[in-house]
Amino acid sequence: MPLESLGLSTLPIQDLFPSIRQNLARHNQLILRAPTGAGKSTALPLAMLDWPEVEGKILLLEPRRLAARMIARYLARCLGEKVGQRVGLRVRGETQVSAETRLEVVTEGVLTRLIQSDPELTGVGLILFDEVHERHLATDLALALALEVQGGLRDDLKVMLMSATLQGQPLAQLLPEAPLLESEGRSFPVSVEYAPVATGQPWLPSLVAQVKRQLASQDGNLLVFLPGMGEIRSAAEQLQGQVADNVDICPLYGQLSGAEQDRAVAVPEAGRRKVVLATNLAESSLTIDGITVVVDAGYQRRASLNLRTGQTRLELVRISQSSAEQRAGRAGRLAPGHCVRLWSETQQQGLAEAELPEIQRADLLSLVLELAAWGTTDVNELAWLSPPPDSAVQRARALLQRLELVAADGRITALGQRVHRLGADPRLGHMLVKAAAWETDSKEPGLLRLACDLAALLEEGDPLRGRQVGADLGRRLDAARSGRYRQMADKWWRQLGQGHASKPAHHSEAGWLLALAYPDRIAQGRGGSGHRFLLSGGAGATLEESDPLCAEPYLVVASLNERAGQGDARIHLAAALNLDALKAVQPGLFETVRHAGLDSASGALKAERQTRIGALVVGRERLSDLTEADYRLALLDHLRRKGLEALPWSDRARTLQARVALAAQTLTTESWPDLSDSALLAGLEQWLGPYLSGLTKTGQLKQLDLYQILLDQVPWQAQSLLNSELPERLTVPTGSALALHYHSGGVKLAVRVQEMYGQSDTPRLARGALPVTLELLSPAQRPIQITQDLAGFWAGAWSEVKKEMKGRYPKHLWPDDPANTAPTRKTKRHLT
DNA sequence: CTCTCCCT
């Protein structure tokens, strides 16, 4: 069809059409760089409907539901049709496709599901990935699966990656055979001004001043990029009353209602101007028309998984160069614009080229379950733009196993398949399926309905966010029973709810239900000031001190945020937990262990039977039948807490540690034990345990001969090699056997220079692999020279040293050719 | 002083 008739005649992407067609005829992979406004997600897919090079259906992938819906509507209108005719739409909760549909606009998560249900993607000829540069987790996963389909089952399937920028994106590395086509965008020049904030100064006041300056000096509307809601509110307060009457201040962030967002996006009435204070939302998700000036603070909040604790933390970080460019571009969509950056040109060079892709920093629980549903237990089997980090994959798999969604071999279980089908977060999905089963078994009505309400609340976000109402989830349940919350909860209830009550059980059941989703976030009050808690996963967490939940001995924490550099995480959403109720339904969470330990106050040994949930001790029973094993365990426990320094180290034992470490590097024909501090601490029970027999008090640890115990760890053969090649002492030319000083990097010998006469070159150990660092001393034991090259020293610096020594110690012998002089410990008088 | 998305 003629594009002119669709009002798309002037789009830059058209110039590339002949080239795209040629390449589609010859290749099944293609990379297209096209900035905003080129027409890559509008004119291009429409034109493709008529191209003979494209057979079958076209899938256009969008990262966001809103964008997918708008594009589908726009394209259908261009064809004079409704969505669901030639142009279809498939997003969560909305499917409009028919037999007539040739082009389906879908979100990335939907493609993943399509591939899982039909791995051959029957009828699909081409997949267009839009906005690949944003590198969402869903993009990377959908792409990896699509390439798997293409490589293994469908070599006729065509895949095209479309990205606004290639800066820092490994697209060509992943698809080395794919031709790379580049299109111009359609935008106006944006002048960039660097206005750095003085070091050590808070940046918000500078930003407010800049906004006022730009309002005075430039025409049009301003878009200001800030990291979060808090900064936006504070900036709005500082600007209020400080700007002209015709200027509106419009906050814009995800948590605002649709109407409030619309106000920020709308074009102001004639004679009025606006300042939009926005988060990252305005960088890619929302377009605001009529912006001529961008003021960029240069920060964003970014979620990353903390591998140590398994919690996600939100950090304030600098944006990337690529992101800064996208933000600046927002000023040049309709006319030439201006951008002020609150950093310097030097700092600009220091910014990362692109954002770290989500797959490299996010919690991978969903990703690993999606892969298991597809049948992959080894993530490295797939081709990734950036591979998911092993450590995060292992953590995700461990939790999925704990939730019984995957088996020990990594395969998905029947329960896992049911949870996957729900499309909920795996933790919440587990809670939903178990709640349905419990309601059936216990005949207690409304458990499933309550679980559905809780899951919707946690997936869609806190309806009371930002208000000072404490962390209690119960207070939010009523606020989250309408609108989108209701829609989601109803969907799950329909999937699982046959024969279940439609009225939710009481709030007080929320605690144990949530423990099904968050077994690692059961919290126990730490006593003392009352707002500090310990989590079953081992980390600490705190409530606001005024929060009524502080009075609860146990909580389940549904949402918390670690703060970089500060100790405990802050609890945002939690429910009180009745431990007895939890034990009745989830006895498997509780484990019983015999624990022996030394009372830190009295030093006396005590043994108890502890009931634990992960790191929490929730019950204790004193035991009186102490055994030798108890003493041993208690002493080991004591050492683990105090560290290796609590052992009676001698110089000789420390030296042995260093000798064995050096032996492992230089004498590789033998195998050597790892006697490093970290290995010793980790393996305390194995190497030290046997020597603790008969000891009953910490004071008796002093009796241990650590040198001998460590030496016992070295096999006999290796011991004799150690003694010959890395000896404790070295015999110098005078015959003195001097102590060698071993350390992690090598070995040193301190010796009076006169004792080295007659030695022509540096002595070497470990079959010559290790030169001895010589610290040559004056007759008064003062250092003269440190060298690993004795021959060089004799031939070079010695003549100067000799002169100085002669002046200071005239009674000693200072020869011209020390390498060929007899060594001595004495003065000249003794020689004559 | 909680960023933003997504799920047959």
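All chains are named by letter (A, B, ...) in the order of the sequence lines, taking the proteins before the strands, and each is independently numbered beginning at 1.
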- Task: Describe the nucleic acid contact of G109(A) in one word from base, sugar-phosphate, nothing, applying a heavy-atom distance below 4.0 Å.
- Result: sugar-phosphate

- Query: Can you find a pair of side-chain heavy atoms, one from E544(A) and one from H531(A), that are under 4.5 Å apart?
  - Reply: no

- Whole-Å gap separating P (dT8(B)) and CG (L111(A)): 12 Å

- Task: Using atom CG of L560(A) as one end and atom P of dC3(B) as the other, report the distance to the nearest whole Å.
- Result: 15 Å

- Looking only at side-chain atoms of V91(A), point me to the closest of dC7(B), dC5(B), dC3(B). dC7(B)

- Determine whether any donor atom in the side chain of R64(A) lies under 3.5 Å from an acceptor atom in the base of dC5(B), or the reverse, and answer yes or no. no

- Task: Kindly say if T112(A) contacts the phosphate of dC7(B), meaning a side-chain N or O under 4.0 Å from OP1 or OP2.
- Result: no

- Query: Whole Å only: how far is the CD atom of E460(A) from the C1' atom of dC5(B)?
  - Reply: 11 Å

- Message: Over all strands shown, is A138(A) touching base, sugar-phosphate only, or nothing at heavy-atom distances under 4.0 angstrom?
- Response: nothing

- Taken to the nearest whole Å, CG/L66(A) to P/dC7(B) is 12 Å

- Does R570(A) place a side-chain N or O at less than 4.0 Å from the phosphate oxygens OP1/OP2 of dC1(B)? no

- Task: Calculate the interatomic distance between L316(A) atom CG and dC3(B) atom C1'; express it in whole Å.
- Result: 10 Å

- Query: L314(A) has a side chain; which of dC3(B), dT8(B), dC5(B) sits nearest to it?
  - Reply: dC3(B)

- Quick check: does any side chain N or O of R330(A) sit under 3.5 Å from a backbone N or O of E283(A), one acting as donor and the other as acceptor? yes

- Item | Rounded distance in Å - CG (L369(A)) to C1' (dT8(B)) | 14 Å

- Message: What's S366(A) touching, base or sugar-phosphate or nothing? Going by heavy atoms closer than 4.0 Å.
- Response: nothing

- Euclidean distance, atom CG of residue N561(A) to atom C1' of dT4(B) [Å, nearest integer]: 14 Å

- Note on the structure: Per nearest nucleotide of DNA chain B, the residue lying toward the 5' end, D425(A) or L573(A), is L573(A)

- When we call it a touch if two heavy atoms are under 4.0 Å apart, what does E459(A) touch: a base, just sugar-phosphate, or nothing? base

- Message: For a 4.5 angstrom cut-off between non-hydrogen side-chain atoms, does E315(A) reach Q300(A)?
- Response: no

- Validation row: R301(A), M229(A) side chains within 4.5 angstrom (heavy atoms): no

- Query: Picking from dC7(B), dC3(B), dT4(B), which would you name as closest to the side chain of E231(A)?
  - Reply: dC3(B)

- Query: Of all the choices, dC3(B), dC6(B), dT8(B), which nucleotide is nearest to the side chain of R65(A) once you look at every atom?
  - Reply: dC6(B)

- Item | Residue pair S320(A), E355(A): steps toward the side chain to side chain donor-acceptor pair (under 3.5 Å) verdict | CA-CA 6 Å; S320(A) 66; E355(A) 298 302 323; 3.0 Å; yes

- Flag this pair as yes if the NZ/CZ of R318(A) is under 6.0 angstrom from the six-membered ring centre of Y299(A) and inside a 45 degree cone about the axis; otherwise no. yes

- Message: When you measure from the side-chain N and O atoms of R113(A) to the phosphate of dT8(B), is any distance below 4.0 Å, counting only OP1 and OP2?
- Response: no

- Query: L356(A) has an atom CG; how far is it from atom P of dC3(B), in whole Å?
  - Reply: 20 Å

- Task: Please determine if a side-chain N or O atom of T107(A) lies less than 4.0 Å away from the OP1 or OP2 oxygen of dC7(B).
- Result: yes

